Protein chains: 2
Amino acid sequence: MGTTQLETVPEPKYWHLKTVLSEALDSEFAIGEILPNERELAARFGVARATLRQALEQLELEGRLQRRRGVGTTVAPPRMGVAVGDRAHSWEDADDAAWQPVDSTEAEPPAAVARLLDVPPGTLVHTVRRTRVSHGQPIAAELLYVPSDSVAVPAIDTPPGAPRARAVLRELRRVALEGREQSVELGSARADDAKQLDRLPGAPVLVVTTRYTAAGHTVAVAVATYRADTCRLTFGDGPAVELLAS
Amino acid sequence: MGTTQLETVPEPKYWHLKTVLSEALDSEFAIGEILPNERELAARFGVARATLRQALEQLELEGRLQRRRGVGTTVAPPRMGVAVGDRAHSWEDADDAAWQPVDSTEAEPPAAVARLLDVPPGTLVHTVRRTRVSHGQPIAAELLYVPSDSVAVPAIDTPPGAPRARAVLRELRRVALEGREQSVELGSARADDAKQLDRLPGAPVLVVTTRYTAAGHTVAVAVATYRADTCRLTFGDGPAVELLAS
DNA sequence: TAGTGGTCTAGACCACCCC
DNA sequence: GGGTGGTCTAGACCACTAG
């Protein structure tokens with residue numbers, strides 16, 4: 001019992017490196033400032049570049065750094081709070097500049113979405129693509145799935161692209177909604193989402209799945225992909241949570 | 001699982017590898033089944049082990065795989081839905097087996113939490129540590145910060161450990177709460193949280209920060225760290241969302 | 001064109017788990 | 001002890017950006 005054996009577990013180098021870098025970011029760098037390049041940092045700390053990169057990846061995952069190929073590594077600003085749960089329904093604000101409709105097609109939804117929509121696999125549904133922008137930055141890409149019997153107009157004679165997307169949303173606004181369920185999970189950006197989000201494929205994202213219900217059945221399902229590096233999703237009764245976790 | 005030769009495509013090898021593995025997981029493996037080890041998989045696909053690992057890391061991030069040192073890589077079950085927003089207040093269910101109190105101390109909270117609590121930096125607050133368990137697995141580690149003026153009993157003569165934690169929660173239950181704000185962001189597990197969650201330090205986690213308010217001021221702040229690989233956080237008016245995004 | 005981060009290789013050793 | 005995943009090295013080349 002008296003043997004105060006300190007664990008002789010050598011902390012991984014990249015972990016220690018991450019701590020050192022994190023403290024340096026707090027004390028010696030300003031937001032937006034560019035760091036020395038990876039080869040120089042690795043040499044400065046006496047580690048291989050791959051090890052240095054492991055530390056940088058962690059810091060990027062935590063939203064402390066931003067890395068862009070061909071440019072460099074910069075100190076990221078604090079994550080922005082993004083409300084995903086406090087407005088009644090995200091398509092009700094017609095003038096809201098947050099969501100920009102991109103286009104709309106009729107397509108077969110993924111199997112998981114078909115189950116949520118409670119339609120047979122293979123059913124064609126309106127598929128509206130939207131982008132959410134905040135502070136001039138794309139922060140989310142969304143696919144909104146709307147079964148054809150939820151909206152009156154098939155939008156077949158509406159010009160494709162944004163106009164057709166707006167037409168579906170306009171029809172959707174006429175539906176009296178009664179409830180909503182949401183879930184959040186970690187994912188990695190598909191190629192198309194990554195392009196919209198200005199990230200590389202595989203970048204970590206927060207996937208928000210929303211099911212909208214009315215009159216006891218599912219009206220629409222939205223799958224929104226938020227940049228995990230720059231976004232903090234806020235829910236709640238009141239105004240957005242203002243501050244970060246430690 | 002096929003041993004198809006990888007073509008020279010503009011797509012990164014690890015990305016293509018991830019796709020191939022993902023399809024193999026769907027069609028050729030059962031949940032819980034153990035995969036061939038990394039060296040053999042790498043040889044089978046004709047890539048370096050590091051490249052294979054990049055693909056496995058992505059699949060683990062998406063909750064498709066589970067890797068344990070000394071054991072192997074197994075096919076993960078679908079993520080479990082975890083309700084974090086539908087019960088009024090998570091300490092009101094005295095008999096709820098979900099949250100297990102661990103201990104409680106009086107300590108100085110992190111600066112960000114002090115701001116949320118609206119107390120001067122350096123103030124001592126009750127700090128209750130709890131673990132959330134589901135299906136026999138630890139899924140979350142939480143630190144609950146309660147300013148001393150929120151609860152009557154300083155719990156100074158209560159035995160340390162779980163009894164003291166329970167005492168603070170008991171007092172907290174007497175407070176009439178009026179609101180709550182929550183935020184979700186991506187983080188990486190600190191060493192202590194990682195130990196509680198049975199993961200390695202740095203593992204990806206979903207950090208849920210909750211601010212509880214009553215009579216116009218903040219009563220408590222909870223910072224809960226959920227395993228991002230196994231959990232899908234659910235919010236909403238109704239029952240938990242049942243299905244996953246594609 | 002020069003410089004950045006992104007990908008990839010072929011090794012090595014270590015920490016951990018189970019037999 | 002034998003096998004697993006985790007860490008680390010010292011290179012190489014590629015994709016992208018900017019001056």
Side-chain angles (χ1 to χ4, degrees), chain A residues 7-19 21 33-61 64-76 188-189 191 194-195 198-204 229, chain B residues 5-19 21 33-61 64-76 188-189 191 194-195 198-204 229:
Chain A
E7 293 145 332
T8 60
V9 176
E11 199 175 43
K13 272 188 186 176
Y14 78 91
W15 187 259
H16 182 243
L17 204 48
K18 179 197 143 187
T19 307
L21 286 169
E33 195 174 347
I34 192 164
L35 266 63
N37 71 55
E38 296 183 349
R39 289 162 181 85
E40 185 184 331
L41 280 177
R44 192 180 295 189
F45 287 104
V47 299
R49 192 180 154 217
T51 304
L52 186 267
R53 279 179 60 81
Q54 226 177 325
L56 294 183
E57 266 151 35
Q58 283 253 348
L59 289 169
E60 194 180 26
L61 203 75
R64 304 288 311 272
L65 292 179
Q66 188 159 354
R67 297 194 288 175
R68 275 175 303 170
R69 169 161 47 178
V71 180
T73 302
T74 56
V75 181
S188 55
K195 197 163 189 179
D198 193 25
R199 301 251 59 191
L200 291 173
D229 56 341
Chain B
Q5 198 67 24
L6 299 176
E7 302 169 14
T8 58
V9 284
E11 201 174 43
K13 272 189 186 177
Y14 78 90
W15 186 259
H16 185 239
L17 202 48
K18 180 197 141 188
T19 307
L21 285 169
E33 193 173 347
I34 193 165
L35 265 63
N37 72 53
E38 296 183 349
R39 290 161 180 86
E40 184 183 331
L41 280 178
R44 193 181 296 192
F45 287 105
V47 298
R49 191 178 155 218
T51 303
L52 172 79
R53 280 180 60 80
Q54 229 178 321
L56 295 183
E57 266 150 35
Q58 284 253 348
L59 290 169
E60 192 179 28
L61 202 75
R64 305 287 311 274
L65 291 180
Q66 190 159 354
R67 298 194 286 175
R68 275 176 302 172
R69 172 161 46 181
V71 179
T73 301
T74 56
V75 181
S188 55
K195 197 163 189 179
D198 191 25
R199 302 253 54 191
L200 291 174
D229 57 341

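Side chains included, hydrogens not; waters and symmetry mates left out as well; all remaining heavy atoms used. Quick caveat, the model's predicted, so the values are computed rather than measured. Below, chains carry the letters A, B, ... as their sequence lines are ordered, and counting in each starts from 1.
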Quickly work out the [X] [atom1] to [N] [atom2] distance and round it to whole Å.
| X | N | atom1 | atom2 | result |
| --- | --- | --- | --- | --- |
| A:Glu11 | D:dC8 | CD | C1' | 15 Å |
| A:Leu17 | D:dC8 | CG | C1' | 12 Å |
| A:Gln58 | D:dG6 | CD | P | 13 Å |
| A:Lys13 | C:dA12 | NZ | P | 18 Å |
| B:Leu200 | C:dA15 | CG | C1' | 10 Å |
| B:Leu52 | C:dT9 | CG | P | 10 Å |
| B:Trp15 | D:dC14 | CH2 | C1' | 18 Å |
| A:Glu57 | D:dT7 | CD | C1' | 13 Å |

Toward the 5' end of DNA chain D, by each residue's nearest nucleotide, A:Gly46 or A:Val71: A:Gly46
Compare side-chain N and O positions of [X] against OP1 and OP2 of [N] and report whether any pair is under 4.0 Å apart.
| X | N | value |
| --- | --- | --- |
| A:Asn37 | C:dT4 | yes |
| B:Tyr14 | C:dC8 | no |
| B:Thr51 | C:dT7 | no |

So that I can tick it off, tell me whether [Y] and [X] are bridged by a salt bridge, with the cut-off set at under 4.0 angstrom between side-chain N and carboxylate O.
| X | Y | result |
| --- | --- | --- |
| A:Glu60 | A:Arg68 | no |
| B:Glu40 | B:Arg44 | yes |
| A:Glu38 | A:Arg69 | no |

Return the OG1 to NE2 distance between A:Thr51 and A:His16, rounded to the nearest 0.5 Å. 14.0 Å
Hey, could you give me the NZ/CZ distance between A:Lys18 and A:Arg64, rounded to the nearest 0.5 Å? 9.0 Å
Of the listed nucleotides ([options]), which one gets closest to any side-chain atom of [X]?
| X | options | result |
| --- | --- | --- |
| A:Ala48 | D:dG5, D:dA10, C:dT9 | D:dA10 |
| B:Arg69 | C:dA15, C:dG5, D:dC8 | C:dA15 |
| B:Pro12 | C:dG6, D:dT17, C:dC8 | C:dC8 |
| A:Val47 | D:dC8, D:dT9, D:dG5 | D:dT9 |
| A:Gln54 | C:dC8, D:dT7, D:dA18 | D:dT7 |

Donor-acceptor pair (no angle test) under 3.5 Å: B:Arg39 side chain, D:dG3 base: no
I would like to know whether B:Leu56 and B:Leu21 meet side chain to side chain contact (heavy atoms under 4.5 Å, CB included); could you show each step before the answer? CA-CA 9 Å; B:Leu56 295 183; B:Leu21 285 169; 4.0 Å; yes
Pick the closest DNA chain C nucleotide for A:Glu60 and for B:Arg49 by heavy atoms, then say which residue is nearer the 5' end. A:Glu60
Base, sugar-phosphate, or nothing: which does B:Arg53 touch, judged by heavy atoms less than 4.0 Å apart? base
Who does D:dA18 pair with, Watson-Crick or G-U, both distances under 3.5 Å? C:dT1
